[in-house]
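Pasting a structure below so you can have a look.
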Amino acid sequence: MMRRSVLFVVAAVMMGGMAYGRTLSRQETDSVASALATVWGEYMNRKAVKDGDAVSAEYMRGVQEAIKMAGDNDAYFQGLSEGVTIAARIRQIEQMGRFKVDLEKFAYKLQRATDGKNTGFTTATADAYMNRLVADAMNEAHIVEGSAAYLEEVSKREGVVKTPSGLLFEIITEGEGEKPGPDDLIKVNYTGSFINGEVFNASRPGEPMVGAVSGMIPGFSEGLQMMKKGGRYRLYIPSEIGYGSAGVPGVIPAGAATIFEVELVDLRHAEDIAVPAENNENQ
């Protein structure tokens with residue numbers, strides 16, 4: 001019933017000229033308004049139920065103001081309608097890009113663009129910038145959303161060991177000698193990457209990283225304490241024992257699993273590093 005009514009109204013508008021070619025009586029005018037309101041009211045209620053929302057008083061206030069505006073100032077109403085469409089599109093871009101758009105800044109720059117003034121971009125560079133930004137965000141989303149499934153698949157591989165903390169590791173080359181403790185210093189070569197193979201950090205060739213075992217992220221620290229000098233392991237670290245729900249802004253997406261290929265070049269035990277008390281007295 002509603003579908004036929006809406007189609008009838010659309011067809012009448014498309015016939016051109018008819019809407020203003022007749023003079024309706026006051027009763028007919030009231031009836032047309034009532035009939036259209038009934039059809040649109042049913043449509044709005046059904047849409048609200050489908051979307052899981054309600055036709056609130058605030059929502060209806062916006063609808064009524066827009067309808068009244070259409071009759072008072074066509075140019076302004078057209079601009080308002082276009083603005084609503086743009087705002088809806090921006091919401092989609094925000095969802096795709098996983099970021100927020102400053103609407104006040106956007107409105108200001110939009111005015112400059114329509115006036116032919118400089119916004120800092122050309123159309124070509126603006127397109128390229130936004131495409132890259134959204135592509136990066138979608139790639140981050142893939143890395144985060146795919147982490148759990150990836151780690152589950154890795155855990156089933158031959159030679160991969162899972163610890164109670166959730167750390168997964170595999171031995172590439174077994175070392176010899178002692179293992180480092182939590183308070184020891186280590187010297188390592190490493191490469192850190194995401195589940196898609198993208199490298200986000202690595203030690204420089206010939207320049208191993210030096211640091212304390214306790215100063216590393218939990219999963220990396222745990223993996224180091226299983227290694228012997230000269231050993232080379234691959235560590236698969238869930239975000240819970242990695243960079244967590246915060247990540248590292250601009251580098252590690254929040255909630256992403258990380259993979260480290262680590263070579264333990266050397267280690268020094270804490271007791272060997274401590275300065276004797278008698279030496280402290282002479283300083």
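Model, not experiment: these values are computed from the prediction. Along the sequence shown, residues carry numbers from 1.
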Parallel, tilted or perpendicular: ring planes of Y190 versus F260, cut at 30 and 60 degrees: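 The rings of Y190 and F260 sit tilted, inter-plane angle from 30° to 60°.
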Under 3.5 Å, side chain of S221 to main-chain N/O of S214, donor-acceptor pair present?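 Such a contact is absent between S221 side chain and S214 backbone.
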With a 4.5 Å cut-off on side-chain heavy atoms, are I93 and M130 touching?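 Yes; the side chains approach each other to less than 4.5 Å.
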Do L167 and I237 have side chains that approach each other closer than 4.5 Å (heavy atoms only, starting at C-beta)?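 Answer yes - side chains close enough.
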Taking the side chain as everything from C-beta on, heavy atoms only, tell me whether R157 gets closer than 4.5 Å to L168. no
In Å, rounded to the nearest 0.5 Å, how long is the span from CD1 of I143 to CD1 of I252?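 These two atoms lie 9.0 Å from each other.
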Check for me, please, whether F106 and Y129 land in the same ILVMFWY cluster - side-chain distances under 4.5 Å, paths through other members count.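 Linked, F106 and Y129 end up in one cluster.
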Got a second to check how far Y236's OH is from K162's NZ, nearest 0.5 Å?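 Here the rounded value is 14.0 Å.
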Is M209 reachable from V248 through a run of hydrophobic residues whose side-chain heavy atoms are each under 4.5 Å from the next?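 The answer is yes; both residues are in one hydrophobic cluster.
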All pairs passing salt bridge (Lys or Arg N to Asp or Glu O under 4.0 Å) where residues 103-118 contributes a residue, at least two apart: none
Within the 4.5 Å heavy-atom criterion, are E153 and I195 side-chain neighbours or not? no
Pairwise distance CZ(R234) to CD1(I171) - rounded to 0.5 angstrom: 12.0 Å
Note, L224 side chain near V188 side chain (heavy atom, < 4.5 Å):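 The answer is yes, as the side chains (C-beta and beyond) meet within the 4.5 Å cut-off.
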Decide, yes or no, whether a salt bridge links E263 with R232 under the criterion of side-chain N to carboxylate O below 4.0 Å. no
Please check if the number of heavy atoms outside Q27 that lie under 6.0 Å from its CD is greater than 12.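 Counting neighbours around CD of Q27, 12 or fewer heavy atoms of other residues, nucleotides or ligands fall under 6.0 Å, so no.
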Between E176 and K228, is there a salt bridge with N-O shorter than 4.0 Å? no
Hydrophobic cluster membership, with links at side-chain heavy-atom distances under 4.5 Å among I/L/V/M/F/W/Y: are F194 and V199 in one? no
Under 4.0 Å between a Lys/Arg side-chain N and an Asp/Glu carboxylate O for R91 and E94? no
Sequence neighbours left out, what passes ring pair (Phe, Tyr, Trp, His ring centres under 6.0 Å) with Y233? Give chain and number order.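 Y233 satisfies ring pair (Phe, Tyr, Trp, His ring centres under 6.0 Å) with F169 once adjacent residues are dropped.
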Any chain of hydrophobic side-chain contacts (each under 4.5 Å) joining V265 to M227?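 No; M227 is not reachable from V265 via cluster members.
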If hydrophobic clusters are built from ILVMFWY residues whose side chains come within less than 4.5 Å, do V251 and V144 share one? no
